[in-house]
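Please read these numbers as outputs of a predicted model, since none were measured by experiment. Each chain gets a letter, A, B and so on, in the order the sequences are listed, and its residues count up from 1.
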Protein chains: 2
Amino acid sequence: MKDEVSQCRVEEALEIVVGKWKPVIILYLLHEGTKRFSELKRSMPGITQKMLTKQLRELEEEDIIQRVVYPQVPPKVEYSMTDYGRTLSPILEAMHEWGTQHVLHKKTLESVEKQA
Amino acid sequence: MKDEVSQCRVEEALEIVVGKWKPVIILYLLHEGTKRFSELKRSMPGITQKMLTKQLRELEEEDIIQRVVYPQVPPKVEYSMTDYGRTLSPILEAMHEWGTQHVLHKKTLESVEKQA
DNA sequence: TGGTATAGTATCCTAAAAGATACCGTCAGG
DNA sequence: CCTGACGGTATCTTTTAGGATACTATACCA
């Protein structure tokens with residue numbers, strides 16, 4: 001395990017997961033299973049159609065999610081995690097956990113600063 | 001655990017850890033312990049002084065690393081993980097692991113595509 | 001007297017991510 | 001015949017991240 005700095009692979013995982021919307025999409029699909037495009041959009045207030053499409057395409061490209069198109073009108077497209085995508089679950093959950101703690105930790109820091 | 005989408009805290013953890021340099025800095029300090037500014041810089045080829053300073057300040061701000069200035073000339077400043085910062089370790093290691101696997105997975109996908 | 005080492009700042013610039021907005025095709029139902 | 005639902009594209013603008021470059025202070029050493 002020498003020279004871990006130059007061979008840091010954290011970035012590879014990070015790339016998949018970063019962004020304003022990707023973690024939300026992944027957690028949502030992990031917890032809720034298969035969802036339609038419109039359901040995803042409704043559950044993410046503030047996201048634009050373009051952004052959602054882009055994020056979904058990128059996740060699909062990396063084999064994290066699966067896209068199934070039903071040939072009907074109006075269109076129906078369903079998204080779900082792939083088996084491979086589900087391997088991200090521990091990381092996402094760990095970050096969610098840590099993040100929840102971190103919100104508290106920051107409050108603690110703030111109140112310490114106020115006293116000083 | 002309802003409505004996890006709107007209360008997604010992954011972003012909180014992600015913010016700490018994202019960027020071209022932050023994961024590298026954190027992993028380095030986790031593995032190598034206390035390091036001087038110049039040592040950090042040397043171990044990260046390509047980083048500019050400005051960037052390194054900025055990343056370190058931000059990590060310090062979030063209580064992830066500790067900055068100790070020795071009042072001497074030329075200056076000596078040492079950086080190390082805080083106890084709190086070390087709680088990121090499982091996440092970083094998990095991402096490093098996953099990232100390493102992901103590099104292989106991508107190669108598999110590519111060769112499958114070539115066959116088709 | 002001038003150069004070197006260390007740990008920075010201060011400006012300016014580019015590239016990438018994100019967002020706003022408008023548009024598209026098509027079938028069913030009124 | 002017109003409207004709405006659905007799942008998109010196509011442009012354009014704004015915001016943010018990152019990088020290049022030049023500058024700083026000060027003690028020490030030759």
S.K.: Once you round to the nearest 0.5 Å, how far does CD1 of I91(B) lie from CD1 of I91(A)?
M.R.: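 If I round to the nearest 0.5 Å, the distance is 9.5 Å.
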
S.K.: Once side chain to side chain donor-acceptor pair (under 3.5 Å) is applied, do any residues pair with R86(A), and if so which ones, sequence neighbours excluded?
M.R.: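 R86(A) satisfies side chain to side chain donor-acceptor pair (under 3.5 Å) with D83(A) only.
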
S.K.: Can you check side chain to side chain contact (heavy atoms under 4.5 Å, CB included) on I64(A) and M81(A), steps first, answer last?
M.R.: CA-CA 6 Å; I64(A) 306 301; M81(A) 297 298 287; 3.8 Å; yes

S.K.: What distance do R9(A) atom CZ and T100(B) atom OG1 have between them, rounded to the nearest 0.5 Å?
M.R.: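 Separation between the atoms: 6.5 Å.
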
S.K.: According to side chain to side chain donor-acceptor pair (under 3.5 Å), does anything in residues 14-23 of chain B pair up with another residue at least two apart or in another chain? List the pairs.
M.R.: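 For residues 14-23 of chain B: K22(B)-E58(B).
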
S.K.: Which residues in residues 63-71 of chain B have a heavy atom closer than 4.0 Å to any atom of DNA chain D?
M.R.: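 Hits under 4.0 Å, by residue number: none.
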
S.K.: Between which nucleotides of DNA chain D, read 5' to 3', does contact with chain A run, using atoms under 4.0 Å from its heavy atoms?
M.R.: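 Answer, 5' to 3': dA5(D) to dC12(D).
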
S.K.: Note the angle between the end axes of the helix from dT1(C)-dA30(D) to dG30(C)-dC1(D), five pairs defining each, rounded to 10 degrees.
M.R.: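 What I find for the helix from dT1(C)-dA30(D) to dG30(C)-dC1(D) is an axis angle of 20°.
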
S.K.: For T108(A), enumerate each residue passing the side-chain contact (heavy atoms from CB on, under 4.5 Å) test, keeping only those at least two apart in sequence or located in another chain.
M.R.: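 Here no residue qualifies.
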
S.K.: Is R36(B) near enough to dT6(C) that one of its side-chain N or O atoms lies under 4.0 angstrom from OP1 or OP2?
M.R.: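 No.
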
S.K.: Who pairs with E11(A) by side chain to side chain donor-acceptor pair (under 3.5 Å), at least two apart in sequence or on another chain?
M.R.: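 Scan of E11(A) (side chain to side chain donor-acceptor pair (under 3.5 Å), adjacent residues dropped) gives none.
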
S.K.: Side-chain polar contacts of residues 44-55 of chain B - donor-acceptor pairs under 3.5 angstrom, sequence neighbours left out - could you list them?
M.R.:
unit_1: T48(B); atom_1: OG1; unit_2: M51(B); atom_2: N; d: 3.2
unit_1: T53(B); atom_1: OG1; unit_2: Q49(B); atom_2: O; d: 2.8

S.K.: Please round to the nearest 0.5 Å and tell me the distance separating atom CG of L56(A) and atom CD1 of I65(A).
M.R.: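 Here the rounded value is 4.5 Å.
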
S.K.: Classify every nucleotide of nucleotides 13-30 of chain C by which part a protein heavy atom approaches to under 4.0 Å, writing B for the base, S for the sugar-phosphate alone and - for neither, in 5'-to-3' order.
M.R.: -----BBB----BBB---

S.K.: Rounding to a whole Å, what distance do you find between Q72(B):CD and dT4(C):P?
M.R.: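 Between P of dT4(C) and CD of Q72(B): 21 Å.
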
S.K.: Is it the case that atom CD in E60(B) sees more than 12 heavy atoms from other parts of the structure closer than 6.0 Å?
M.R.: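 Enclosed.
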
S.K.: Please name all residues satisfying side-chain contact (heavy atoms from CB on, under 4.5 Å) with V17(A), sequence neighbours left out, ordered by chain then number.
M.R.: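 Applying side-chain contact (heavy atoms from CB on, under 4.5 Å) to V17(A) gives I26(A), L88(A), L92(A), M95(A), L14(B).
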
S.K.: Starting at NZ of K35(B) and ending at P of dA7(C), how long is that distance when rounded to a whole Å?
M.R.: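 Answer to the nearest Å: 13 Å.
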
S.K.: For W98(A), check ring-ring contact (aromatic ring centres under 6.0 Å, His included) against everything at least two apart and list the hits.
M.R.: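 ring-ring contact (aromatic ring centres under 6.0 Å, His included) list for W98(A), sorted by chain: H102(A), Y84(B).
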
S.K.: Would you mind listing every salt bridge (Lys or Arg N to Asp or Glu O under 4.0 Å) that reaches into residues 61-71 of chain B, with sequence neighbours excluded?
M.R.: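 Residue pairs with at least one partner in residues 61-71 of chain B: there are none.
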
